[in-house]
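Reviewing the structure listed below.
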Amino acid sequence: MLDNVGSFCVCKIKDVRNGSGNTIMQILIYNKHHIDVNLESRDGIRPFIESFEETPMLVAVLTYMGYGILTIFGYLRDFLRDWKIERCHVAREREEQRDFVPLYQDFENFYTRNLYMRIRDSWNRPICSVPGAKVDLVERVSPDYNWTFDYTGKVVEGVINMGSYNYLGFAENTGYCADASAEVTMKYGVGVASTRQEMGNLDRHEEMEELVAKFLGVESAMAFGMGFATNSMNIPALTGKGCLILSDELNHASLVLGARLSGSTIRVFKHNNMQSLEKMLRDAIVHGQPRTHRPWKKILILVEGIYSMEGSIVRLPEVIALKKRYRAYLYLDEAHSIGALGPGGRGVVDYFGLDPRDVDVMMGTFTKSFGAAGGYIGGRKELLEYLRSHSHSAVYAASMSPPVVEQIIASMKCIMGEDGTTLGRDRVQQLAENTLYFRRRLTEMGFIIYGNSDSPVVPMMLYMPAKIGAFGREMLKRNIGVVVVGFPATPIIESRARFCISAAHTKDMLDTVTIPPCLAQNGYLFHTKDIKSVHLWSCVLPFFLPFYSFHFLVQRFPNLGTVLKIEKMGWIEKIKLTLVGYPPIPLSGGCM
């Protein structure tokens, strides 16, 4: 029931209680422009606060204009390519195959060749070190504006790694886990060369699965060699024709693919919106299947623990309450939350203090917090026995590599404290402290960030397409590696930079990222809460430049520095900042 109060919308629902009768959460206020969900517990659980701010109207308009202008120029350049005026670097059908049915539609590559290629240097950067708190990058240059790259032979050392999912810092080549993996490699080798059902089932695999089940607090668990395939190949084994899947609109591609491959009917509910989910559950119970109106064979709810693009945490207590009320099944993907949330690092179930038995299918990956590879599914013993004989991943996929298995065992024992130290517990605590500190710093500086206050995934909004590449390049110049994300991975008006916090990050590293002249100086490259005016040039000008490089502009027009009145800052830096429409800040200036 919704009651409108001024510009607010207050949602009134019943308190969700745990087994001892204590209130786990209360929904307080939804603001139309800023969502703060406060889930308070009388048992002393930290308040559950999430923030999502709508894109300012002016920013949205300019962003659409930027993409529109880029599209127009894209068609113009395609016209020039067709007439051989401009060189075409993209793959095309051979002339002798023009009359054949095309292997691909040429328009499908329009975005790639005309938009993505302009900022391609912001992705796929090769590293030549352990992806820890700092990494070494292989330096590369492009002679043809990002169509191809040449390696210079140089290495950019000591780049602060703000992009890897190394939440607990177990991606390392020294220490307890690395030594254990090296020892197992010498004994078992690297590969198994068989499936688990044939000759590829090692004693280490059995030990790993028993440990995973113990860690999760479930009856049984099963491991798979690939995290993506854990979802895409197991969901079809659980549901089929006549079943209904209710999927969060921001679910990962692996969940979406698995749902589509299952042949089930799929309905999408709004992100983390319990009213939307409950309405769909109620309609499914009342109306049944289309046309026949027969009851659904089963209803499966698909959610994630932490949503990797939004930094939000699933409202799991409410989902479980709805699941029980309408007798549906719950599939929880903890790829990003396992190890990263909860006092014991056991994921979102541990974070809320819930019973793992209330989640029917617990899925997660070893590729992030454990510094390994693969995924797992945990649950009741009957469920796992069924998957062992019906899952494509279990029947046809090769067994996990022994050193990878040992990395999982060693890191998980470390988190559980079974290695005889408090290292794992200390890392879980350090990750939580780093997350709160970094989020607070960005908020104080006036940047628009998304997600939950406890989520180690920190999206910072850039909005405009020109700023995606500009931000990534400028941060790399300051020896900071970040991930920038744009359409189609995000909505077209919500491009962002995504920081992933790690327990391996020190306070000095986080300060280096946020203090001038790094993040604060680059703040003028994108819209923040403190900047009320946004200039059209910041949206489109960098893409208009046929040179793709500000350095080229400076070399061609050296007198431009006088026109722009370059004074205190380095003249190249001032040109870069002035061209995007914001006045530069002095190197000696404070944070925004």
Side-chain angles (χ1 to χ4, degrees), residues 59-125 140-151 462-474 476 484-496 525-526 534-557 560 572 575-576 578-581:
V59 176
V61 171
L62 294 180
T63 302
Y64 281 122
M65 288 178 59
Y67 276 107
I69 294 172
L70 286 171
T71 301
I72 293 173
F73 271 76
Y75 279 114
L76 174 61
R77 299 191 67 184
D78 280 353
F79 174 79
L80 298 177
R81 292 179 184 125
D82 288 339
W83 286 89
K84 311 298 183 183
I85 300 175
E86 180 178 343
R87 181 180 178 184
C88 182
H89 297 269
V90 298
R92 294 200 170 193
E93 303 285 352
R94 294 180 178 178
E95 291 295 333
E96 58 268 24
Q97 294 178 328
R98 287 286 180 169
D99 295 332
F100 287 37
V101 177
L103 293 175
Y104 58 88
Q105 295 295 324
D106 191 54
F107 181 77
E108 294 176 359
N109 294 321
F110 179 86
Y111 184 90
T112 300
R113 64 178 177 265
N114 290 306
L115 282 80
Y116 167 75
M117 201 58 62
R118 296 173 181 265
I119 52 177
R120 183 183 170 213
D121 58 304
S122 298
W123 292 282
N124 307 318
R125 290 169 177 156
R140 61 181 183 178
V141 295
S142 177
D144 50 9
Y145 314 119
N146 295 337
W147 286 100
T148 61
F149 291 102
D150 295 333
Y151 297 100
L462 302 178
Y463 296 116
M464 301 179 186
K467 297 172 185 177
I468 299 174
F471 182 80
R473 296 178 191 125
E474 292 299 317
L476 184 58
V484 287
V485 190
F487 180 81
T490 66
I492 195 168
I493 59 174
E494 293 184 5
S495 299
R496 64 198 66 179
L525 289 173
F526 49 91
V534 182
H535 301 279
L536 178 62
W537 295 115
S538 68
C539 177
V540 299
L541 183 56
F543 284 106
F544 279 144
L545 302 179
F547 334 105
Y548 299 85
S549 171
F550 289 112
H551 292 283
F552 189 95
L553 180 63
V554 172
Q555 294 169 2
R556 286 295 183 90
F557 305 100
L560 190 60
I572 292 181
I575 287 179
K576 293 177 184 177
T578 307
L579 281 177
V580 295

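When a residue number appears, it is its place in the shown sequence, counting from 1.
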**Asked** Are any non-hydrogen side-chain atoms of T71 and F110 less than 4.5 angstrom apart?
**Response** yes
**Request:** Mind checking side-chain contact (heavy atoms from CB on, under 4.5 Å) for Y151 and listing every partner two or more places apart, or none if nothing turns up?
**Result:** P126, V138, R140
**Asked** Mind checking whether L115 and P465 have side chains closer than 4.5 Å, heavy atoms only?
**Response** no
**Message:** Please give me the minimum heavy-atom distance between Y116 and N124, naming the atom from each residue.
**Reply:** OH-ND2, 3.5 Å
**Item:** Straight-line distance of Y463 OH to L62 CG, nearest 0.5 Å
**Value:** 13.0 Å
**Complete:** Nearest heavy-atom contact between G486 and S495 is CA-OG, 3.7 Å
**Item:** Stepwise side chain to side chain contact (heavy atoms under 4.5 Å, CB included) check, Y145 with M117
**Value:** CA-CA 8 Å; Y145 314 119; M117 201 58 62; over 6 Å; no
**Prompt:** How far does CD1 of I468 sit from CZ of R496, to the nearest 0.5 angstrom?
**Reply:** 10.5 Å
**Residues that I85 engages under side-chain contact (heavy atoms from CB on, under 4.5 Å), provided they are two or more places apart** = L80, W83
**Prompt:** Say you draw a straight line from CE of M464 to CZ of F471; how long is it, rounded to the nearest 0.5 Å?
**Reply:** 15.0 Å
**Message:** Just to verify, which of R87, R113, H89 counts as forming a side chain to side chain contact (heavy atoms under 4.5 Å, CB included) with R81?
**Reply:** R113
**Partner residues of L476 under the side-chain contact (heavy atoms from CB on, under 4.5 Å) criterion, sequence neighbours left out** = R125, L137, V159
**Message:** So, taking the atom named OG1 in T63 and the one named CE in M65, what distance separates them when rounded to the nearest 0.5 Å?
**Reply:** 10.5 Å
**Request:** Measure across R473 and I119 and return the closest heavy-atom pair with its distance rounded to 0.1 Å.
**Result:** NH2-CA, 3.6 Å
**Message:** Please enumerate all residues that pass side-chain contact (heavy atoms from CB on, under 4.5 Å) together with L76, with sequence neighbours excluded.
**Reply:** none
**Asked** Quick one: ring-ring contact (aromatic ring centres under 6.0 Å, His included) partners of F487, sequence neighbours excluded?
**Response** Y111
**Asked** Do R118 and N146 have side-chain heavy atoms sitting under 4.5 Å apart?
**Response** no
**Asked** Does D144 have any side-chain hydrogen bond (donor to acceptor under 3.5 Å, both in side chains) partners at least two apart in sequence or in another chain, and if so, which?
**Response** S142, T148
**Asked** Could you state the interatomic distance from OH (Y64) to CD1 (I493), rounded to the nearest 0.5 Å?
**Response** 4.5 Å
